[in-house]
K.L.:
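The structure follows.
Counting convention: from 1, in listed order, for ligands and their atoms alike.
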Amino acid sequence: MSAPADNGVGTGVRAPKRARIAERTLRTDRWWLQPLLTVLGLSAFIIYATVRSFVRTAYWVPDYHYLTPFYSPCLSTSCVEGSSHFGHWFGDLPGFIPLGFVVLPFLLGFRLTCYYYRKAYYRSVWFSPPACAVAEPHAKYTGETRLPLIIQNVHRYFFYVALVVSLINTYDAITAFHGKTGGFGFGLGNVILLANVVLLWAYTLSCHSCRHVTGGRLKHFSKHPVRYWIWTQVTKLNTRHMTLAWTTLGTLVLTDFYVMLVASGAIADLRFVN
Ligand code: FES
């Protein structure tokens with residue numbers, strides 16, 4: 001693969017003082033595999049989540065009060081009866097607006113501006129750069145200092161919204177301990193909803209912004225033992241942020257898919273306590 005044309009005014013590997021190498025990379029391994037898998041994984045999730053967010057079917061199981069996270073909170077009179085845990089804030093919505101529209105843009109923003117996902121799509125989609133020791137095709141590099149990428153700095157605000165959404169998902173998971181004839185009930189759907197919400201909390205709390213909120217700007221950890229302890233716990237989670245980013249994409253899809261199967265009648269929920 002050849003390097004892009006060198007006009008002598010580039011940055012990075014094309015900066016004036018860098019060695020002139022005609023090849024874009026001298027790597028002979030399959031360096032392109034990881035960016036390719038990343039783009040395939042992210043694309044699969046985006047397509048699935050988009051389709052499911054718009055179809056408006058099989059998102060609520062009235063017998064057991066299972067609600068898929070893609071429709072939570074459901075705040076419109078278009079939502080099926082029982083699925084609006086927080087009331088109806090809006091009237092009927094036209095079909096081109098997803099019923100979970102109140103939080104979906106924030107969740108998308110939270111993921112899109114996440115430090116891990118930035119790395120993933122900068123490498124896989126914008127090739128900036130695609131891998132270590134592989135030159136990027138762009139002649140200039142301005143990083144996140146200009147529009148549109150400077151908008152990435154709003155990530156810390158999305159983090160606060162994500163905390164609220166995690167609380168809402170927790171409420172949904174607790175509400176779902178519901179028996180077919182009322183009272184307490186417990187089935188495989190509860191295990192899936194609960195696992196999803198625990199992992200969503202782990203992903204949210206492992207956020208780099210959370211690490212900054214808990215321990216940032218402190219000059220002396222010894223004077224703030226509680227914040228220091230919280231910061232060390234968040235830091236431990238933070239080392240698994242990439243894993244949690246991918247795992248929660250998987251659990252979101254699994255949770256939605258399971259709710260869809262039960263809600264549509266394709267399968268029956270495996271009940272442990274009815
Ligand atoms: Fe990934 Fe904040 S850095 S969610």
K.L.:
Can you name the atoms of ligand 1, numbered from 1 with element, that are less than 4.0 Å from a heavy atom of Cys207?
P.N.:
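Those of ligand 1 that fall under 4.0 Å from Cys207 are 2 (Fe), 3 (S), 4 (S).
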K.L.:
Kindly give the atom name of the N, O or S atom of His241 closest to atom 1 (Fe) of ligand 1.
P.N.:
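The atom in question is NE2.
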K.L.:
With heavy atoms of Tyr203 as the reference, note each atom of ligand 1 found under 4.0 Å away.
P.N.:
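Selected atoms, number and element: 1 (Fe), 4 (S).
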K.L.:
Taking the inter-plane angle between the rings of Tyr228 and Phe221 on a 0 to 90° scale, is it parallel (under 30°), tilted (30 to 60°) or perpendicular (over 60°)?
P.N.:
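Tilted, since the angle between the ring planes falls between 30° and 60°.
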K.L.:
Measuring from the heavy atoms of Phe158, does anything fall under 4.0 Å of ligand 1?
P.N.:
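So Phe158 does not count as touching ligand 1.
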K.L.:
Test of understanding: given a 4.0 Å heavy-atom threshold, classify the contact between Arg111 and ligand 1 as side chain, backbone, both, or neither.
P.N.:
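It is neither; nothing of Arg111 touches ligand 1.
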K.L.:
Verify the distance criterion only: is there a donor paired with an acceptor across the side chains of Tyr66 and Asp172 at less than 3.5 Å?
P.N.:
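No, no side-chain donor-acceptor pair sits under 3.5 Å.
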K.L.:
Determine whether the side chain, the backbone, both or neither of Phe159 has a heavy atom under 4.0 Å from any heavy atom of ligand 1.
P.N.:
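Answer for Phe159: neither.
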K.L.:
Tell me whether atom 2 (Fe) of ligand 1 has Cys210 as a neighbour, meaning an N, O or S atom of it below 2.8 Å.
P.N.:
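It does not: Cys210 brings no N, O or S atom closer than 2.8 Å to atom 2 (Fe) of ligand 1.
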K.L.:
Classify the angle between the aromatic ring planes of Tyr71 and Tyr59 as parallel (below 30°), tilted (30 to 60°) or perpendicular (above 60°).
P.N.:
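Judged by the thresholds at 30° and 60°, the geometry between Tyr71 and Tyr59 is parallel.
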K.L.:
Could you check whether Arg271 makes a cation-pi contact with Tyr64, meaning its NZ or CZ is under 6.0 Å from the centre of the six-membered ring and within 45° of the ring axis?
P.N.:
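Yes.
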K.L.:
For ligand 1, which atoms sit closer than 4.0 Å to a heavy atom of Tyr115?
P.N.:
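Once the distances to Tyr115 are compared, the set is 1 (Fe), 3 (S).
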K.L.:
Examine the proximity of ligand 1 to Tyr117 and report which part, side chain or backbone, both or neither, has a heavy atom under 4.0 Å away.
P.N.:
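Neither; no heavy atom under 4.0 Å.
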K.L.:
Just checking, any donor-acceptor pair under 3.5 angstrom between side chains of Trp201 and Thr170?
P.N.:
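The criterion, which ignores hydrogens and geometry beyond distance, is satisfied for Thr170 and Trp201.
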K.L.:
Hey, mind stepping through Asn238 and Ser206 against side-chain hydrogen bond (donor to acceptor under 3.5 Å, both in side chains) and telling me if it holds?
P.N.:
CA-CA 4 Å; Asn238 182 260; Ser206 69; 5.6 Å; no
K.L.:
Do you see an N/O/S atom of His155, backbone or side chain, under 2.8 Å from atom 2 (Fe) of ligand 1?
P.N.:
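Within the cut-off used here (under 2.8 Å), His155 does place an N, O or S atom near atom 2 (Fe) of ligand 1.
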K.L.:
Hydrogens and angles aside, do Glu136 and Ser128 bring a side-chain donor and acceptor to less than 3.5 Å of each other?
P.N.:
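A donor-acceptor contact under 3.5 Å links the two side chains.
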